[in-house]
Participant: 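Encoded as structure tokens, here's the structure I'll be asking about.
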Amino acid sequence: MKPFDDGSAANDEFQSVAAGGYRGELVRDLLKQRVRIPSPPSGDLKRPALTARIQAALEPGAVVYLEGPCGYGKSHALLSALHAANCRSERVKWIGVTVQDNEPSRLLTLLSIALDPQASADTSLIHSSANLSEALSLMLANEYWQQADRNGVLVLDNLGALSHPVVIELLEQLLVELPKGLSLAMVSRKPLPFETHKSELEGRFTRFGPESLELTRRETFEFYDHALATSQLTTVAVDHLYSITDGWVTPLALYQRELSVLAESRVPIQETISVERFLRDSVLARLTPPQQRSLRIMAEMDLVSDDLFGCLTDPACDPGFRPSVAAEAGLPLRSLSGRGRWFRFNPLLHEWLRSSVLDGACERALAASRWFSQRGQLPEALRYALLSENSDEAVRIASEGSEALLIGQDTASLLRLRRTLPMGLLEQSARLRVVYSWVHAIGGQFGQARALMDGLGAQDNDAMAGRVNALKAFILRGEGHVEEALEAADLALSAETLSTQGQLVTQMVRSSALCAAGRFAEAREANRATTRLAREAGDMGAEVLAVYTHARIELGKGALRHAEQLLRTGLDTIMNETLRPTRVGETRLQLNLVLVLWHQGRQAEADRLLVSCGRHAEQTHDLGLLLAMALRVLICRTQGRLGDAFVWIGRAERTMHAWQVDESAYLPVLEALKASCWLATGNIESASHAMERLQPYRASRRVPELIPMMPGLLDALQVRIALARGDDVKAADSLRSIRLNSGRVTPFAVDLHLRLLESVVVLREKGVGAAQKLLSQAVNVAAREHFISPFAELRAEMSELMEKTYPQLPEGEFTRALGQLYGLSAAKVNAVPLAEPISDREQGVLELIANGLSNQEIADRLHISLHTVKTHARRINAKLEVKSRTQAIVRARELGLL
């Protein structure tokens with residue numbers, strides 16, 4: 001077959017088809033061979049959720065579109081759904097489209113073969129019609145496909161190969177006139193070349209994009225469960241695999257296959273032969289050399305836009321092959337919508353493309369630095385100035401834009417710059433000394449920050465009193481000294497020389513400190529001042545951080561829904577900016593959104609978001625990475641994966657040590673996590689030792705900036721240790737002491753922990769009745785915001801009381817979530833145990849009865865005799881004390897057996 005480049009009239013082969021000659025029959029027979037369903041997918045990707053979604057979307061008369069770059073497992077996912085639905089081969093017609101099918105008559109012939117119920121493939125209809133559109137209408141109007149119960153599936157695979165205008169019109173017509181008995185599935189690397197809005201509004205069009213086709217973090221762990229079980233991989237390695245691939249299916253599958261070969265000499269995924277071959281042959285091979293160079297130039301940037309790429313091009317690349325064009329061509333670039341068309345490479349492809357440095361890289365980095373500098377994006381400008389190895393440009397940016405850089409908090413770039421500064425420059429420049437005092441303070445290196453400040457002369461101290469006090473306030477807040485931080489902040493704000501950016505940072509410090517002190521109204525006023533200053537200065541980065549601070553206030557008050565609304569609004573504001581704003585502000589918003597999602601038990605959402613924001617925090621040396629890792633520990637612990645939780649604690653310790661962060665910034669957080677995890681394992685002594693190491697921090701009532709509820713949670717941990725030891729008197733005394741001695745407003749999460757612990761103490765002191773009353777009150781309070789995390793944290797302590805109280809709780813979403821968390825249901829709790837339990841074989845028969853199968857169908861399904869099925873059914877009825885199948889199903893559901 002010849003490829004049809006121009007899509008002109010049918011060639012000689014199709015003239016023969018029309019004439020019904022021998023050659024035409026041969027062509028038709030060849031085309032028939034392409035209309036068939038492929039074999040079942042090899043290899044289990046363990047994606048039941050995606051399979052179920054595709055299967056549900058493939059309703060008669062509906063259209064499903066799977067779009068994603070090469071290697072995203074689109075065909076595999078569709079095949080899995082079809083085979084899961086037990087689609088018979090005669091019901092499914094699968095056409096693998098090629099560039100040759102750009103000839104309209106050829107495509108229509110394929111469709112006529114697929115749509116003909118008798119498979120006669122009489123193509124004379126095509127050529128006897130006045131035009132191809134009319135021929136397609138006649139095919140689709142076939143009475144056979146107008147019956148909704150036909151459940152036929154037509155699959156068009158590799159749709160991106162089609163580009164001829166007439167062919168596109170035929171596809172659009174197929175979608176519009178799709179009959180009731182047929183569903184259409186389309187698979188492509190590229191976006192559809194025609195409108196689908198009408199079908200979407202009618203509710204019969206479902207799109208599965210790259211974000212749906214990627215493996216989730218949980219699916220990645222399940223995919224490598226054998227490698228984990230045989231110790232070929234550790235949980236840290238699998239987590240890294242997910243992080244570097246974003247769940248890209250094919251590289252993960254290729255790496256899994258290579259693990260058995262590599263065995264002891266395992267190499268990183270990007271260095272394995274099969275993955276490198278896949279990236280080279282499937283991603284780069286179809287590009288021209290100028291396009292390949294364009295792609296490598298794009299990969300020199302962390303994020304890239306068409307405009308930025310335009311200032312980096314050279315004569316050897318293809319300037320027309322812009323990031324947007326590359327994404328539309330089906331390459332794994334993720335569009336960051338609403339940001340003026342910014343794009344991000346898949347991390348695996350990004351790292352692989354950057355493995356070889358192109359000539360002129362330093363000149364392009366300098367051009368990128370100036371591009372960002374002209375647009376006020378100073379953190380990005382500094383990063384690329386450093387990459388260009390131009391020290392003069394980097395020092396100029398750091399000196400002139402110091403406060404803006406501080407708001408950006410790109411600590412990694414600024415520390416990298418310090419290592420390249422000329423000898424003695426830092427000592428000579430008071431301005432740079434203050435800048436780097438801020439850099440070290442932002443990175444949690446409080447000792448180094450103080451050392452630089454102490455080196456300032458008396459004259460410099462007087463001239464920059466406002467800035468010095470602002471910095472002192474920031475350091476004191478980072479160390480957890482709330483009242484001292486407020487005093488230093490007030491001194492800073494009273495200075496006339498404090499710049500707008502300095503006022504911004506100081507008001508943020510005040511807001512954070514006031515929130516930690518439980519003075520929420522005053523914290524909100526300080527935050528309003530921050531927002532006003534940011535808007536007056538036109539500083540989007542600062543405005544985003546103000547949204548973050550406001551959300552933290554709402555979190556302290558327990559208003560999870562309002563906090564989530566604020567955080568999502570802040571993220572939407574970032575997305576709607578035409579220029580890429582400071583990344584740290586976005587990272588902090590995302591981290592606190594993860595915190596909200598975790599508090600509400602929405603772990604799947606939290607898990608995926610945590611990967612990207614943790615990666616950003618690590619790149620910029622943002623201390624927010626500590627919160628990201630703490631959240632990862634909390635998620636692992638909630639899921640019962642305590643081994644993984646300890647791995648993350650160790651990883652956090654190593655990272656903080658490598659970053660030279662002062663212990664006061666991270667040690668209280670990590671020791672508290674250790675105590676909680678040791679308690680969950682039943683190791684009370686280790687938990688007690690962790691609490692002893694925390695005693696100096698508890699005595700001074702330090703409140704960490706990242707986790708302001710820490711002091712109260714430590715008090716709750718002390719009560720839990722007493723309960724675990726069986727020392728109920730000490731636990732009760734501790735609770736009373738906490739309530740009496742708390743001079744501040746108790747954060748909502750801490751108050752909820754204390755309420756639950758009080759119910760456990762009352763259960764042991766006064767019995768079930770009084771404890772149930774306290775627990776019911778706590779549930780009612782928590783249900784308003786779906787605040788479920790304390791119930792997950794205290795599951796061991798609460799299980800006995802929850803089992804006794806659960807039937808009395810009001811029906812609702814929160815109560816059902818609690819039941820799922822504790823493995824309870826009203827039916828199970830109220831159930832009277834059977835005198836004789838249902839056996840495993842009887843349970844299987846019972847489930848098939850509940851599914852509506854007849855006795856003969858059950859016998860066929862289980863490969864047993866009809867007599868055996870009837871015997872099982874009689875025994876089930878006797879054990880359940882019922883007389884019919886219907887009664888058995890009802891009773892079994894009441895007992896929680898179904």
Participant: Report yes if the side chains of Ile475 and Met453 come closer than 4.5 Å at any heavy-atom pair, otherwise no.
Facilitator: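 A side-chain contact under 4.5 Å exists here.
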Participant: Does a side-chain N-to-carboxylate-O contact under 4.0 Å join Arg286 and Asp281?
Facilitator: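 Not counted as a salt bridge, because no side-chain N and carboxylate O are separated by less than 4.0 Å.
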Participant: Could you check Phe321 against Leu331 for side-chain contact (heavy atoms from CB on, under 4.5 Å), going step by step and ending with a plain yes or no?
Facilitator: CA-CA 12 Å; Phe321 194 68; Leu331 291 170; 3.8 Å; yes
Participant: Is any side-chain heavy atom of Tyr72 closer than 4.5 Å to a side-chain heavy atom of Pro332?
Facilitator: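 The answer is yes, as the side chains (C-beta and beyond) meet within the 4.5 Å cut-off.
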Participant: Drop me the distance from Leu349's CG to Ile244's CD1, to the nearest 0.5 angstrom.
Facilitator: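 So the CG of Leu349 and the CD1 of Ile244 are separated by 11.0 Å.
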Participant: How close do Ala381 and Ser369 get, counting heavy atoms only, and between which atoms?
Facilitator: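 Heavy atoms of Ala381 and Ser369 come nearest at O-OG, 2.7 Å.
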Participant: Go through it in stages, so that I can follow the logic: the residues are Asp622 and Arg588, the test is side-chain contact (heavy atoms from CB on, under 4.5 Å), and I'd like the CA-CA distance, side-chain angles, deciding distance and then a yes or no.
Facilitator: CA-CA 9 Å; Asp622 175 15; Arg588 290 300 178 93; 2.7 Å; yes
Participant: Between Glu271 (side chain) and Pro268 (backbone), is there a donor-acceptor pair under 3.5 Å?
Facilitator: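 Checking the backbone N and O of Pro268 against the side chain of Glu271, no donor-acceptor pair under 3.5 Å is found.
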Participant: Judged by atom type as modelled, is there a donor-acceptor pair below 3.5 Å linking the side chain of Gln292 to the main-chain atoms of Leu284?
Facilitator: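 Yes; at least one donor-acceptor contact below 3.5 Å.
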Participant: Only one of Arg364, Arg354, His350 passes side chain to side chain donor-acceptor pair (under 3.5 Å) with Glu300; say which it is.
Facilitator: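 The option that passes is Arg364.
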Participant: Any cation-pi pair here, Arg296 with Trp352, using under 6.0 Å and within 45°?
Facilitator: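 Arg296 over Trp352 ring: yes.
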Participant: Can you confirm whether Val594 sits close enough to Leu627 that some side-chain heavy atom of one is under 4.5 Å from a side-chain heavy atom of the other?
Facilitator: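 No, every pair of side-chain atoms sits at 4.5 Å or beyond.
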Participant: Looking at every heavy atom in both Cys362 and Ser388, which two are closest together, and how far apart are they?
Facilitator: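 Looks like O-CB, 3.4 Å.
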Participant: Counting only heavy atoms not in Glu389 (residues, nucleotides, ligands), do more than 12 fall under 6.0 Å from its CD?
Facilitator: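 Counting neighbours around CD of Glu389, 12 or fewer heavy atoms of other residues, nucleotides or ligands fall under 6.0 Å, so no.
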Participant: Mark yes or no: Arg375 above the aromatic ring of Trp371, with NZ or CZ under 6.0 Å from the six-membered ring centre and no more than 45 degrees from the axis.
Facilitator: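 Satisfied, under 6.0 Å and within 45°.
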Participant: Which heavy atom of Leu353 sits nearest to which heavy atom of Ala299, and what is that distance?
Facilitator: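 It is CB-CB, 3.7 Å.
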Participant: Let me confirm one number: the OG1-CG distance from Thr531 to Leu545, rounded to the nearest 0.5 Å.
Facilitator: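 So the OG1 of Thr531 and the CG of Leu545 are separated by 10.5 Å.
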Participant: For the pair Ser512 (side chain) and Val509 (backbone), establish whether a donor and an acceptor sit closer than 3.5 Å, ignoring hydrogens and angles.
Facilitator: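 No.
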Participant: Kindly give the heavy-atom pair with the smallest separation between Thr530 and Ala546, and that separation in Å.
Facilitator: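 Between these two residues, the closest heavy atoms are CG2-CB, 3.9 Å.
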Participant: Do the side chain of Arg477 and the main chain of Val703 share a donor and acceptor less than 3.5 angstrom apart?
Facilitator: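 Here the side-chain-to-backbone pair exists.
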Participant: Return the minimal non-hydrogen interatomic distance between Gln590 and Leu609, and the atom names on each side.
Facilitator: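 That closest heavy-atom pairing would be O-CD2, 3.7 Å.
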Participant: Could you give the distance from CG (Leu303) to CG (Leu308), rounded to the nearest 0.5 Å?
Facilitator: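 It comes to 9.5 Å.
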Participant: Arg510 and Leu493: side-chain contact (heavy atoms from CB on, under 4.5 Å), yes or no, with the steps?
Facilitator: CA-CA 10 Å; Arg510 286 191 74 248; Leu493 291 172; 3.4 Å; yes
Participant: Between His481 and Arg702, is any pair of side-chain heavy atoms under 4.5 Å apart?
Facilitator: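 They are in side-chain contact.
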Participant: Any idea which heavy atoms bring Ala489 and Ala473 closest together, and the distance?
Facilitator: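 Heavy-atom minimum between the residues: N-CB, 3.6 Å.
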Participant: Quick one, Ser294 with Asp318, criterion side chain to side chain donor-acceptor pair (under 3.5 Å). Give me CA distance, side-chain angles, the key distance, then yes/no.
Facilitator: CA-CA 6 Å; Ser294 291; Asp318 180 356; 5.5 Å; no
Participant: Less than 4.5 Å apart, any side-chain heavy atom of Glu487 and any of Asn469?
Facilitator: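 A side-chain contact is absent here, since even the closest heavy-atom pair is not under 4.5 Å.
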Participant: Go through the steps to decide whether Met301 and Phe309 satisfy the test side-chain contact (heavy atoms from CB on, under 4.5 Å), and finish with yes or no.
Facilitator: CA-CA 9 Å; Met301 304 292 109; Phe309 173 72; over 6 Å; no
Participant: Quick check against the 3.5 Å criterion: does Asp314 have a side-chain atom that pairs as donor or acceptor with the backbone of Cys317?
Facilitator: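 Confirmed, Asp314 side chain pairs with Cys317 backbone.
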Participant: To the nearest 0.5 Å, what is the distance between NZ (Lys472) and OG1 (Thr506)?
Facilitator: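 That separation rounds to 13.0 Å.
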Participant: What is the ring orientation for Phe372 with Tyr384, classed by angle as parallel under 30°, tilted 30 to 60°, or perpendicular over 60°?
Facilitator: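 Answer is parallel, since the angle falls under 30°.
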Participant: Distance from Met629 atom CE to Ile649 atom CD1, nearest 0.5 Å?
Facilitator: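 Atom-to-atom, Met629:CE and Ile649:CD1 are 11.5 Å apart.
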Participant: Where the side chain of Trp248 meets the backbone of Cys70, is there a donor-acceptor pair that is under 3.5 Å apart?
Facilitator: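 Yes, the answer is positive, given that a donor and an acceptor are paired below the 3.5 Å cut-off.
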Participant: From His440 NE2 over to Phe446 CZ, what is the distance, rounded to the nearest 0.5 angstrom?
Facilitator: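 It is 12.5 Å, given to the nearest 0.5 Å.
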Participant: Are Tyr666 and Trp659 packed together at the side-chain level, in the sense that at least one heavy-atom pair is separated by less than 4.5 angstrom?
Facilitator: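 They are not in contact (no side-chain heavy atoms under 4.5 Å apart), so the answer is no.
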Participant: Say whether, by atom type as modelled, one donor and one acceptor occur between the side chain of Asp306 and the main chain of Ser324 under 3.5 angstrom.
Facilitator: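 Present.
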Participant: Are any of the side-chain heavy atoms of Pro708 and Arg552 separated by less than 4.5 Å?
Facilitator: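 Result yes, sub-4.5 Å side-chain heavy-atom pair found.
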Participant: In sequence, state the C-alpha distance, the side-chain angles, and the governing distance for Asp662 and Arg450, and then conclude on salt bridge (charged side-chain N to carboxylate O under 4.0 Å, His left out).
Facilitator: CA-CA 12 Å; Asp662 284 17; Arg450 281 199 169 94; over 6 Å; no
Participant: So do the side chains of Cys613 and Thr587 get within less than 4.5 Å of each other, counting heavy atoms only?
Facilitator: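 They are in contact (side-chain heavy atoms under 4.5 Å apart), so the answer is yes.
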